[in-house]
Amino acid sequence: MIVASLAIHGGAGTIPRANFTPESYKAARDGLRDALRAGWAVLSKGGLAVDAVEAAVVALENHPSFNAGHGAVLNAAGDHELDAAIMDGRDRRAGAIASARAIRNPVRAARRVMEASDCVLLSAAGADAFAREQGLEMVEQAYFTTPLRQQHWLRAQEEQAGLLKRERSEAEKHGTVGAVAFDDHGNLAAATSTGGYTYKRAGRVGDTPIIGAGTYAANGVVAVSCTGMGEFFIRRGTSHDIAARIRYRGESLEAATAAAIADLTEDGCGAGLIAIDGAGRIALPHNTEGMYRGSVTADGVVSVGIYADDFAVVD
Ligand code: ASP
């Protein structure tokens with residue numbers, strides 16, 4: 001009997017309902033479904049949680065609807081700087097990269113940092129050089145750019161110049177992708193990948209690659225992946241805070257994740273996260289209008305949703 005479970009997110013910076021076309025809405029939902037299937041293909045065969053979260057995040061990085069890999073936002077200099085992390089709850093090994101510029105799938109590089117280096121976090125040119133050395137696929141910056149992200153960058157520039165007529169939506173500003181998994185052997189893992197914020201300062205690093213902030217996993221406790229303005233999550237140590245609440249205070253997954261979201265709400269931060277506890281239970285809380293999200297429960301049922309009222313089972 002399979003006991004595994006899987007959850008993903010595509011960021012809490014979702015598109016306001018009115019701005020979706022039927023095609024873009026379907027594309028985002030299909031992207032979530034396909035990423036869940038990629039992760040579940042690993043788990044349903046008795047594979048490891050760490051392999052499942054990598055597979056799901058790679059699928060989301062390759063999809064243009066989400067702010068990671070292809071489709072990542074542009075920084076103030078008009079460049080892409082990508083952050084990613086992965087953590088294996090079995091032994092709490094972790095790997096991360098920050099401000100990488102040429103790695104096609106940043107989460108794969110994070111995995112290599114975890115397994116083939118003696119570091120936890122590699123940044124900028126050093127991260128790119130390491131990925132190249134490891135034989136990972138490298139790309140030009142143009143690979144990451146989509147027409148939509150160029151438009152978002154131009155609008156951010158207009159805002160800076162005080163020329164903006166219509167307010168920028170959350171979706172134009174940020175987003176992230178992530179996955180958490182519980183496998184048949186009882187292991188937990190988490191992975192997160194992002195382009196960060198549109199028009200972020202060059203060199204700015206968010207919470208995604210900071211272990212204990214945007215990404216964390218420990219067997220028997222919890223796996224967490226976060227989305228929202230990273231500075232708040234770094235200051236709160238959000239994903240580790242959830243683990244500590246469960247581990248030291250015996251809080252339920254629901255209570256611990258709700259408390260973390262309440263703290264971020266108090267800070268004025270639009271926030272979301274996905275989490276799975278040591279028994280495979282899933283929580284997908286957010287305080288924003290929507291969050292791209294999805295899950296597969298042990299019975300293999302795949303559900304995806306963007307808003308509060310459209311979370312539904314897909315075939
Ligand atoms: N957490 C990401 C960052 O701060 C952005 C997001 O999730 O929206 O880089």
Side-chain angles (χ1 to χ4, degrees), residues 7-16 28 32 57 60-61 63 65-69 71-76 79-87 96-101 106-107 110 121 123-124 127 144 148-149 152-153 156 168-180 190-216 224-242 257 260-261 263-265 267-275 284-293 306:
I8 60 166
H9 70 82
T14 52
I15 299 173
L32 293 168
V57 168
L60 292 163
E61 286 178 341
H63 196 288
S65 294
F66 309 108
N67 173 20
V73 299
L74 292 152
N75 70 9
D79 297 329
H80 299 279
E81 292 187 330
L82 308 172
D83 299 340
I86 193 163
M87 187 160 185
I97 56 151
S99 303
R101 299 170 68 98
V107 72
L121 174 58
S123 72
F144 302 114
L148 190 68
R149 293 307 184 192
H152 293 166
W153 185 84
R168 293 196 302 141
S169 71
E170 288 299 305
E172 294 183 55
K173 296 181 190 163
H174 63 108
T176 284
V177 308
V180 289
T192 317
S193 180
T194 190
Y197 263 73
T198 300
Y199 227 78
K200 68 184 180 183
R201 179 180 285 276
R204 177 264 186 190
V205 175
D207 60 316
T208 296
I210 309 296
I211 300 304
T215 309
Y216 192 75
V224 186
S225 171
C226 301
T227 174
M229 190 164 176
E231 283 69 12
F232 291 102
F233 293 77
I234 295 172
R235 289 193 292 254
R236 289 272 185 187
T238 299
S239 59
H240 187 268
D241 181 53
I242 292 168
T257 54
I261 293 288
D263 282 348
L264 292 159
T265 306
D267 290 344
C269 171
L273 61 89
I274 56 172
L284 311 168
H286 55 98
N287 65 8
T288 45
E289 182 191 351
M291 175 167 80
Y292 296 102
R293 63 200 187 283
I306 299 173

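Below, all heavy atoms of this structure are taken into account, side chains as well, without hydrogens, waters or symmetry copies. Whatever order the structure lists ligands and atoms in, that order sets their numbers, starting from 1. Just so it is clear, the model here is predicted, and its values are computed rather than measured.
Side-chain atoms of Thr192 and Thr215 include a donor-acceptor pair closer than 3.5 Å.
Heavy-atom distances between Gly175 and ligand 1 reach below 4.0 Å in at least one pair. For the pair Gly11 and ligand 1, no heavy-atom separation below 4.0 Å is found.
Residue Cys226 has no N or O atom closer than 3.5 Å to an N or O atom of ligand 1. The shortest N/O to N/O separation between Gly206 and ligand 1 does not fall below 3.5 Å. Looking at His174 next to ligand 1, an N or O pair under 3.5 Å apart turns up.
With Val180 as the fixed residue, the side chain to side chain contact (heavy atoms under 4.5 Å, CB included) test singles out one of Leu273, Ile274, Ile8: Ile274. Screening Thr288, Asn287, Ile242 for a side chain to side chain contact (heavy atoms under 4.5 Å, CB included) involving Ile261 leaves a single residue, Asn287.
Which parts of ligand 1 touch Gly196 is read off a 4.0 Å heavy-atom cut-off, strictly below it: atoms 9 (O). Remark: ligand 1 atoms within the under-4.0 Å shell around heavy atoms of Thr227 are 6 (C), 7 (O), 8 (O). Atom numbering of ligand 1 starts at 1 in the shown order; those under 4.0 Å from a heavy atom of Thr176 are 1 (N), 2 (C), 5 (C), 6 (C), 7 (O), 8 (O).
Considering each of Thr198, Val73, Asp207, the one bringing a non-hydrogen atom nearest atom 1 (N) of ligand 1 is Asp207. Scanning Lys173, Arg204, Glu231 for the heavy atom closest to atom 4 (O) of ligand 1 points to Arg204.
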